[in-house]
> 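Here it is, the structure in full.
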Amino acid sequence: DRQTLVAVLQFLRRSNLRESEEILRREARLLGDDLGGNVATVATSSPGVAAVAAVPPGKGEVRGNCEVGPSSRRDPREAGACVLLAVSGALRYAGTQGSVSGAVVVEDQPDVSAVLSAYNQQGDPTLYEEYYSGLKHFIECSLDCHRAELSQLFYPLFVHMYLELVYNQHESEAKSFFERFHGDQECYYQDDLRVLSSLTKKEHMKGNETMLDFRTSKFVLRISRDSYQLLKRHLQEKQNNQIWNIVQEHLYIDIFDGMPRSKQQIDAMVGSLAGEAKREANKAKVFFGLLKEPEFDVPLDDEDEEGENEEGKPKKKKPKKDNVGSKSKKQDPNAPPQNRIPLPELKDSDKLDKVMNMKEAARRVRLGPECLPSICFYTFLNAYQGLTAVDITDDSSMIVGGFADSTVRVWSVTPKKLRSVKTAADLSLIDKESDDVLERIMDEKTASELKILYGHSGPVYGTSFSPDRNYLLSCSEDGTVRLWSLQTFTCLVGYKGHNYPVWDTQFSPYGYYFVSGGHDRVARLWATDHYQPLRIFAGHLADVTCTRFHPNSNYIATGSADRTIRLWDVLNGNCVRIFTGHKGPIHSLAFSPNGRFLATGATDGRVLLWDIGHGLMVGELKGHTDTVYALRFSRDGEILASGSMDNTVRLWDAVKAFEDLETDDFTTATGHINLPENSQDLLLGTYMTKSTPVVHLHFTRRNLLLAAGAYSSQ
């Protein structure tokens, strides 16, 4: 607008910024021309404070992580010319987000007052309902192909307009606006709207986390260029500046070229706290392949000789090696370099365990639709201490329960009892050279089926055995993660880093490293011999509710109450994937054994399947009627088992779910995913318990499925 321009030019002249003044004058005259993105204007929400940055042609960068350059082929103002808002002393970067290729915007969490003061610019409060209903009418009358896409605007606009009214103390208008339109929002936003309805005064907004999240993270909408142009034209014709301001200030519109998406395609992907993931977020390369297994020969022992004649022995050894080692013989092209992150050396005991594992694998049952696994259910009876976490060792010899009374209880599920190491005085008497020294150091007097570990001062929400079965992790409401020795059944270390409850923890498949996630919204990577975390993964907008290591240990998946799943790179701490689509907090994660896919379960009862390499949703399994708390793939990845609060275990055909996937470049580029209407043909079986919610699932090395939960009498 002319007045502002004059004011800015005068300010530049007073400040002796001749060059900038020239550029601005030139641009003001050439409004209609395409400047090829060579100028980035820097303006403010109030006239008077401004500066301008010139960009040399061909260089697409302005300091402050905003890229504007040759990639923006259209008018720079439309293409997302980088706008730097000076808001009460706190500088925030925001792009006008007209383009996908134009602006890349990075926003830090600014302080509360700065965030809120962006709501100062306001229109006539009495017209807000009119603005909103006008837009609603326009969208509902638009063509079907655009309506589904533009309907995504309803929720973020509704929230921002409501918050703007509240912030500017138009309480009655805010109330009537909320009451009139909150019923139009999608059902999966109900929980957020409940929180919103409690914010009725400016003071409430100061300390409210949900409110701040919504304010600081731009809500991402993915819309086709045609739909976007339609919306833009409508708002400019109507001179509906209030809505246009919100769109530019608080939303990130990720525009793609091509067909608009259908209602089903949009519904599958939306529902998280901050909209969908930007397509840029899922572009990084991920090494999802498996690491090469170390080579060593399987020694023949007595067990192999049973029922074998002399010629039979070598024959038996051959296919056994193939069965297990075939995947790992040649380097997987998608695997990370072997030394990308330092992994612990294999000890002799680990090698013995690998040999045992191979022998078990030779006897493994090949599962499939015709051959379903047997399920063995461990029910915790009279668990009045409140069972809150379960884990089972890889060789299925021990089971651990974390309880609400802050205890950790370890059971042996084989006839072999749990024994502690003898005292130091007794150990000094043992002959160290004897063959059975490992047996002699154990104290028979301590043998029992159950060991109780005391140490936490709050409910234990997560437990994890180390791969070598020497250690156990537990995390608790008291904010600590504890490492216990399974030789002495005592606590070795308390890791303090989270200041709030820690909801989950898990050992790396190679041991040594472990991950934890909690109420403070971050996940932390630890090593057992460091008392400080090695990496902090920050980015979720709500509690990190579950954590999982990728089979190659180079990546960590985290699920959150913000209804997104993120994949983090252990090497540099970067977030390399953001998956949206669940309509409730995520409570379970499972990687497929080949490392290519991820299955996730949430309070919405849906199990979603993701292709990690392409960063796409590739399946949706519907059937559970309550939170999915447990997910596990069978050892060869043929079957996915899911366990839920609805007291059922369901088995799904994973081979069929992942075969002939459409992951062409177009799908990857636009997110036009086509999910089969019905997931019932993937469901292989449903198994009810009497009244036991399923909290953990585990496939033994021979593919027997173990499930666990606590009997609930109500």
Side-chain angles (χ1 to χ4, degrees), residues 287-301 303-304 317-332 334-364 391-398 421 432 435-439 441-442 464-473 483-488 492-493 505-515 525-530 534-535 548-556 570-571 591 593-595 635-636 698-702:
F287 299 103
F288 54 81
L290 303 182
L291 294 173
K292 200 153 153 263
E293 290 282 338
E295 300 265 328
F296 47 80
D297 290 322
V298 181
L300 290 167
D301 61 357
E303 205 180 304
D304 284 3
K317 183 175 150 194
K318 195 84 189 107
K320 180 192 306 180
K321 278 285 290 200
D322 277 358
N323 194 345
V324 180
S326 54
K327 286 207 276 287
S328 48
K329 275 288 197 309
K330 49 186 188 298
Q331 181 73 30
D332 183 333
N334 296 306
Q338 203 74 13
N339 54 358
R340 187 169 182 262
I341 59 169
L343 292 170
E345 288 285 309
L346 278 185
K347 302 190 293 290
D348 288 348
S349 57
D350 297 333
K351 287 181 181 160
L352 278 172
D353 195 50
K354 283 238 183 292
V355 171
M356 277 305 296
N357 198 344
M358 286 176 180
K359 287 179 180 164
E360 290 279 296
R363 303 194 175 93
R364 180 181 299 161
D391 193 31
I392 299 175
T393 54
D394 185 66
D395 69 347
S396 317
S397 61
M398 287 184 277
V421 174
K432 311 233 177 350
D435 290 344
D436 59 349
V437 65
L438 291 175
E439 268 303 303
I441 60 174
M442 303 315 277
S464 175
F465 283 108
S466 66
D468 61 5
R469 301 183 297 289
N470 287 331
Y471 303 104
L472 167 67
L473 283 171
L483 181 73
W484 309 83
S485 162
L486 296 178
Q487 305 294 335
T488 57
L492 303 175
V493 198
T505 184
Q506 201 220 359
F507 255 116
S508 150
Y510 293 90
Y512 184 61
Y513 298 110
F514 63 94
V515 59
L525 174 78
W526 310 77
T528 46
D529 58 0
H530 290 251
L534 307 180
R535 294 278 181 278
R548 264 287 165 273
F549 265 95
H550 187 278
N552 68 24
S553 201
N554 278 252
Y555 298 94
I556 285 169
V570 166
L571 182 67
F591 283 99
N594 62 11
R635 291 285 170 145
D636 300 321
H698 174 81
F699 277 94
T700 68
R701 289 171 177 176
R702 297 190 187 185

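Keep in mind that this is a model prediction, so the values were computed, not measured.
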> Is the side chain of Arg364 donor-acceptor paired with the backbone N or O of Arg701 at a distance under 3.5 Å, no angle test?
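Yes, Arg364 side chain to Arg701 backbone: donor-acceptor pair under 3.5 Å.
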> Minimum heavy-atom separation for Ser397 and Arg469, please, with both atom names.
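The pair with the smallest heavy-atom distance is OG-CD, 3.9 Å.
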> Verify, without hydrogens or angle tests, whether Asp350 (side chain) and Lys347 (backbone) share a donor-acceptor contact under 3.5 angstrom.
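Answer holds: yes.
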> Look only at the side chain of Asn552 and the backbone of Gly289, and say whether a donor-acceptor pair between them is shorter than 3.5 Å.
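Yes, the answer is positive, given that a donor and an acceptor are paired below the 3.5 Å cut-off.
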> Identify the heavy atoms of Pro336 and Phe287 that sit nearest to each other, and give their distance.
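That would be N-CB, 3.5 Å.
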> Would you say that Tyr510 contacts Leu291 through its side chain, given a criterion of any heavy-atom pair below 4.5 Å between the two side chains?
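The answer is yes; the side chains approach within 4.5 Å.
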> Please check this pair: side chain of Arg363 against backbone of Arg702, looking for a donor-acceptor N/O pair closer than 3.5 Å.
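No, the answer is negative, given that no donor and acceptor are paired below the 3.5 Å cut-off.
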> Are any side-chain N or O atoms of His550 and backbone N or O atoms of Gly595, one a donor and one an acceptor, separated by less than 3.5 Å?
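Checking the backbone N and O of Gly595 against the side chain of His550, a donor-acceptor pair under 3.5 Å is found.
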> Between Phe465 and Ile392, what is the shortest heavy-atom contact and its length?
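The pair with the smallest heavy-atom distance is CD1-C, 3.8 Å.
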> For a quick test of reading the model, state the closest non-hydrogen atom pair linking Leu534 to Ala527 and the distance between them.
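What the structure gives for the nearest pair is CD1-CB, 3.8 Å.
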> Quick check: do Trp526 and Thr505 have side-chain heavy atoms less than 4.5 Å from each other?
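Result no, sub-4.5 Å side-chain heavy-atom pair not found.
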> Between Ser553 and Ser508, is the side-chain hydrogen bond (donor to acceptor under 3.5 Å, both in side chains) condition met? List the steps.
CA-CA 6 Å; Ser553 201; Ser508 150; 2.8 Å; yes
